[in-house]
Amino acid sequence: MNDPIYRLRRDARYRLVDGEAVILLQDSGETLVLDEVGAAVLVHLDGRRGLAAVAASLVAEYEGEPARIRDDLEAFAAELSAAGVIEAVAPSTDDGRGPQRTPAD
């Protein structure tokens with residue numbers, strides 16, 4: 001089973017303001033705002049946990065059907081990736097360096 005791992009891109013910065021995430025994409029100068037749930041997702045996409053673990057955390061925080069939360073999370077992660085906010089990383093290696101960037105397409 002494929003369980004992608006995501007993290008914030010190196011050129012993306014965010015701050016939590018009144019529960020929302022204000023994101024700055026430094027390379028383009030673009031600013032994005034995520035609502036409270038989107039901000040919670042962004043915080044969980046830490047480059048260490050796969051989407052299954054993130055979905056389990058969100059199920060514990062919010063009411064909803066686990067399968068629906070997982071599906072919504074996958075779609076939202078794809079949107080954040082397409083917007084240049086997050087990137088997929090390879091699983092941790094045994095060399096102690098943690099998650100590594102995946103090769104560019």
Side-chain angles (χ1 to χ4, degrees):
M1 180 177 156
N2 185 19
D3 190 25
I5 299 170
Y6 292 96
R7 69 173 171 208
L8 198 65
R9 287 179 47 106
R10 294 189 194 282
D11 71 316
R13 302 288 183 263
Y14 76 93
R15 293 240 189 255
L16 298 177
V17 179
D18 294 330
E20 297 180 334
V22 179
I23 304 165
L24 172 63
L25 302 177
Q26 293 177 307
D27 288 349
S28 68
E30 186 176 359
T31 302
L32 306 166
V33 178
L34 302 179
D35 66 11
E36 180 182 333
V37 175
V41 169
L42 190 61
V43 169
H44 286 295
L45 298 177
D46 58 9
R48 294 182 300 235
R49 298 178 289 167
L51 287 185
V54 172
S57 293
L58 294 172
V59 166
E61 288 180 46
Y62 300 96
E63 292 182 20
E65 180 185 332
R68 170 92 188 261
I69 288 175
R70 173 64 192 244
D71 290 346
D72 289 349
L73 175 61
E74 288 175 353
F76 188 55
E79 289 177 26
L80 289 175
S81 182
V85 176
I86 62 172
E87 63 187 356
V89 295
S92 293
T93 61
D94 290 333
D95 64 6
R97 294 185 305 161
Q100 303 296 304
R101 287 178 178 249
T102 56
D105 294 337

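Side chains included, hydrogens not; waters and symmetry mates left out as well; all remaining heavy atoms used.
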Exercise for the section: Flag the pair Val54 / Asp46 as yes when at least one side-chain heavy-atom distance between them is below 4.5 Å, and no otherwise. Expected result: no

Fill in the blank from the handout: Which of Leu32, Leu45, Leu34, Asp11 passes side chain to side chain contact (heavy atoms under 4.5 Å, CB included) with Val85? It is Leu32

Handout entry: Ile86-Ile5 co-clustered via ILVMFWY side chain contacts under 4.5 Å
Key = no

Completion exercise
Value for CG (Asp27) from CZ (Arg9), rounded to nearest 0.5 Å, stands at 7.0 Å

Which atom pairs, one a donor and one an acceptor, fall under 3.5 Å between side chains of residues 13-24 and the rest of the protein, sequence neighbours left out?
from  : atom 1 : to    : atom 2 : distance (Å)
Arg13 : NH1    : Arg10 : O      : 2.6
Arg13 : NH2    : Arg10 : O      : 3.4

Problem - Heavy-atom closest pair, residues Arg49 and Ser57 - result: NH1-OG, 3.4 Å

Problem - In one Ile/Leu/Val/Met/Phe/Trp/Tyr side-chain cluster, 4.5 Å: Leu42, Val33 - result: no

Problem - Backbone N/O of Ala55 and side chain of Arg70: donor-acceptor pair under 3.5 Å - result: no

Problem - Verify same cluster id: Val37, Val59 (apolar side-chain graph, 4.5 Å) - result: yes

Practice task
Could you list the residues that satisfy salt bridge (Lys or Arg N to Asp or Glu O under 4.0 Å) with Asp35, not counting sequence neighbours?
Solution key: none

Exercise for the section: Search all heavy atoms of Tyr62 against all heavy atoms of Ala40 and return the closest pair with its distance. Expected result: OH-CB, 3.4 Å

Practice task
Give a yes or no on whether Val89 and Leu8 share a hydrophobic cluster (residues Ile, Leu, Val, Met, Phe, Trp, Tyr; joining criterion: side-chain heavy atoms under 4.5 Å apart).
Solution key: no

Exercise for the section: Determine the minimum heavy-atom distance between Ala12 and Leu25, stating which atoms define it. Expected result: CB-CD2, 3.7 Å

